[in-house]
Each structure stands twice: as structure tokens, then as C-alpha cells.
Asker: 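The structure's right below; bear with me while I get my questions together.
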Number of protein chains: 2
Amino acid sequence: MLNRHTVERLVIYNRVLKDLAKKNVKWATSEKIAEILFRSPAQVRKDLSFLGKKGKPGVGYNIRSLIGELDSTLGLRKTWGVALIGAGNLGRALFHYPGFKREGFEFRAIFDNNSSKIGRRWGDITVTPITSLNSVVRKRKINIAVMTVPDYAAQEVADKLTAAGLKELLNFAPVTLNVADNVNVRYADLALELENLSYNLNHRALK
Amino acid sequence: MLNRHTVERLVIYNRVLKDLAKKNVKWATSEKIAEILFRSPAQVRKDLSFLGKKGKPGVGYNIRSLIGELDSTLGLRKTWGVALIGAGNLGRALFHYPGFKREGFEFRAIFDNNSSKIGRRWGDITVTPITSLNSVVRKRKINIAVMTVPDYAAQEVADKLTAAGLKELLNFAPVTLNVADNVNVRYADLALELENLSYNLNHRALK
DNA sequence: CACATATTGTGAAATATTTCACAAATAATA
DNA sequence: TATTATTTGTGAAATATTTCACAATATGTG
């Protein structure tokens, strides 16, 4: 089992390699990859070494085979079922985000408790109240939940999702969720991202 | 100058403290804060110690004064001007995201080169072609750019933004940007977030 | 084939980050 | 006021992560 930081980097190597493949590049050295990502070649090699011996000394890594290996390790050869919880503006944007389908993530359900939204159709999916969660998760093989609910609702929604057996959550609500150890939450807190930039701005101003 | 990881945590402490303040809690110990965030009390204390001595032994931290200190350090007492580059679905969702204004981030310009979007009004802001970037950045005091442009356009847009003097970028395009050392980029790559979860799913399946 | 050149894979060394542990400081109690 | 309970702030120790450095391996050339 790889640690979180390594996986975060593998995911990025994969993207960079797919970019290079699109440009018809066949081979890349650890130095080349490191240069694109502003990292050290040693780190790239150590990270990639977790995949087994895939590089050729004197030559580098074969991009196609490395992408294949990364896709396997990262679980990107499969299609995963995604449920969207919260049919608001942000939910809609994510639902239409092209990057998801491309990597095998398929929205299969949309939940919202707002009666003005229930029953509406987004593409071929109907917005459903969250009371139907358990059966939908089972029937449509949902693996991942993307939470775009208001902050006050987030913990309760997370409880329901995990009770329904979901273990992988992507949370856009600005709340730290309290979940069991075997549940993974990734936080995409957009305001916090800006606040990090704000610190830099402020620090520049003070200099 | 604090390191990136510390700032990332300060930003989260600030959010947690504001939550507690909303619930009328007046004091919090490092242990309490750590518990909410699943971290160690020692780390909370060490992080907060960068603000100077703000805690009271035997009691903990006064939430109001700590929030004030964090807001100052993080630059959240000021209002920052934000430009949105890319008037698509995701851009629209971010534009309406309530968390930004609350913390003093104000959208003051929207750029898009798509002629069908130029001239449209979002609230009281008109979508403008990116050719007007330099003058708008100056006139409307833009400090931060939020990039929701397609991946193929991202580097070129980043070049223009930095040429216009912007040094803080929040990038939603799935591309590693090549920028000068004095420019900060934060990446919000939504597909990568799902791919991290995918690794966990896959690993569970293999067990 | 011998030699030169390039780059991997990986223990060991160097850095960075986190936790420990405890003296100092505060408050509550008698 | 003395005593007890807490909890901070912080050097030192423990962990974790990254980089170094080099033997091993692949390719190209004459």
C-alpha cells in the first residue's frame, strides 16, 4: 500500500505521461518528467520504482507501458460509479466536467432533498431524494460520492453515505468530516485554496 | 515566512475556530482543536506558536482573539480582487460560490475569448476578452486569478496573467503550469481528486 | 567485442516534519 | 496563600520524506 503523498504524485505522473503520449513522445527519462513537474529526478525514480522495474537504464521509461502500469495501479482501467449529492451550481459544473468520464468516472445518480429539484432530469439521470440512497447505491453500483451540499448538511450526508457502504468521498463542503477509519475523504475546499493565496499576497505586501 | 504546509493548516484552524465561534464557544484547547481535525495537540500548538504567544496555560486559546490573529496573518482582513478566466460551467459555479465573498474575495472581472460569451453580464460584471487583461487588472485592482479554462489554453493564459503582473493563480485546468519562481499557483484538479480515491478503491478490491 | 555514454534502482545520508516530554504559566480550590 | 489541576510553548527525540551517490544495466560506436 502506497502512502498518500506517493499516490498523489503517481496520479500527476500519469497525467504528464498522457500529455507526452498525445504529443507522440515514446520515451521519457526521470529527469525529463522531473523537469516538467519541478521535482527531483530521484523522487520520480523512487516513486516509479514502486511499480516494479519499469525503466531501462540508459534510456528511460517507455511512456505507453508506464501509463498502462499506472492506470492499473491507480484503478483507472475500470469504470467507477459516482453519485453526486447536491444538485446545485457546483454540482452541475462537476456533472458536466469532461475530465471525469475520460478517466472512467461515471455519474450514475444525483441526490438532492430540495423538492424543486427532485424529479428533474440531468441528461439521463433523475434527481432523487436522499432517502433512496441505499437502494440506488446497490442497484447502480456506486463506488464514490461527490458531495456538493451546504456545510450544515455535510456531516449528516456523510453519515448516510457511509451507512450505505460508501467508503470514498470527495467533499466540497467547507467542513471536516468525522468518519470511520476505513473511509477516505478528500477535501476540495475552494475558499481555503484562495485563503492560501491570500497569505502569500499579504506576506508580499508586508515585505 | 511560514512554510506551505503550516499555512494550509492555519487556514483550516481558522475555519474550525469560526465554526466554534458561531456556536458561541469562547475558548478552545489545542487538544479540542486537534480532536476536531484528527491531528495531534502538539502540532496545533506548534503551528499556533508562529502567531506569537496567544494561548493561556491551563485554559487554552481565546477563540475570538485567535481568529483575529489568523485573519491578520492570512490576509483575510483585506478585500482582494479576483478575476475569473473562463466563463464556462465551472467558472459560473465558482462565481456564485458563497464562501468566497464571505472571506473577502471579490470577483471584479470575468474574461473569456469565446465571442458568444463576450458582452454577457454576470451580476454587474461584463464578460470581456482577455486582450483587455492588462488595463482591467490595473483599474480594478485584481490580485488573484481563478483559471477555469480548457487545458490546451492554460499555459498561454497563465503567461498572460503573469505578464499582467498577477502572482497568485488558482488553476482548475489539468495542467502543470510553468511560471516564474515568484508566482504562486495552486492546483484544483478535480479529476486527480477522483483518481486518488480510485487508487483506494482499487487497492481495497485487490485485498 | 571493447569502450564510452547514459540512466535506472536503491541503500545510505541528509532534510524536513511531527511528536514527545516537561518547565513555566494560569486558574480553581481550600 | 499554598496546593492541585490544566494546558501552553518549545527544545530535543523520533519519524518520515527527499536527495545523494553509485553499482548495475542498457545502448551506441568503431
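In the text below, chain A, chain B and the rest are named by the order of the sequence lines, each starting its count at 1. Please read these numbers as outputs of a predicted model, since none were measured by experiment.
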Asker: Counting only side-chain heavy atoms from C-beta out, which of D:dA21, C:dC22, C:dA27 sits nearest to B:Val59?
Answerer: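 That would be C:dA27.
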Asker: With a 3.5 Å cut-off and no angle check, do the side chains of B:Thr148 and B:Arg92 form a donor-acceptor pair?
Answerer: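 Not at all, the side chains of B:Thr148 and B:Arg92 share no donor-acceptor pair under 3.5 Å.
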Asker: For A:Arg39, which contact category applies under a 4.0 Å heavy-atom criterion: base, sugar-phosphate, or nothing?
Answerer: nothing
Asker: Where the side chain of B:Arg9 is defined as all heavy atoms beyond and including C-beta, which of C:dT18, C:dA27, C:dA21 is the nearest nucleotide?
Answerer: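 Per side-chain heavy atoms of B:Arg9, the pick is C:dT18.
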Asker: What nucleotide among C:dT10, D:dT18, D:dT10 has an atom nearest to a side-chain atom of A:Lys53?
Answerer: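 Closest nucleotide among those given: C:dT10.
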Asker: From C:dT10, D:dG9, D:dT7, pick the nucleotide closest to the side chain of B:Thr29?
Answerer: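 Output: D:dT7.
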Asker: Please determine, for the side chain of B:Lys56, which listed nucleotide (C:dT17, C:dT26, C:dG9) has the closest atom?
Answerer: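 Nearest listed nucleotide: C:dT26.
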Asker: Rounded to the nearest Å, what distance is computed from the CD atom of residue B:Gln43 to the C1' atom of nucleotide D:dG11?
Answerer: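 After rounding, the reported distance stands at 17 Å.
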Asker: Heavy atoms only, 4.0 Å cut-off, all strands: where does B:Lys46 land among base, sugar-phosphate and nothing?
Answerer: base
Asker: Rounded off to whole Å, could you give me the CG-to-C1' distance for the A:Asp47 and D:dA16 pair?
Answerer: 14 Å
Asker: What residues, two or more places apart in sequence or in another chain, satisfy side-chain contact (heavy atoms from CB on, under 4.5 Å) together with B:Lys26?
Answerer: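 Scan of B:Lys26 (side-chain contact (heavy atoms from CB on, under 4.5 Å), adjacent residues dropped) gives B:Asn24.
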Asker: When you measure from the side chain of A:Pro57, which nucleotide among C:dA27, D:dT10, D:dA26 comes out closest?
Answerer: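 From the listed options, D:dA26 comes nearest.
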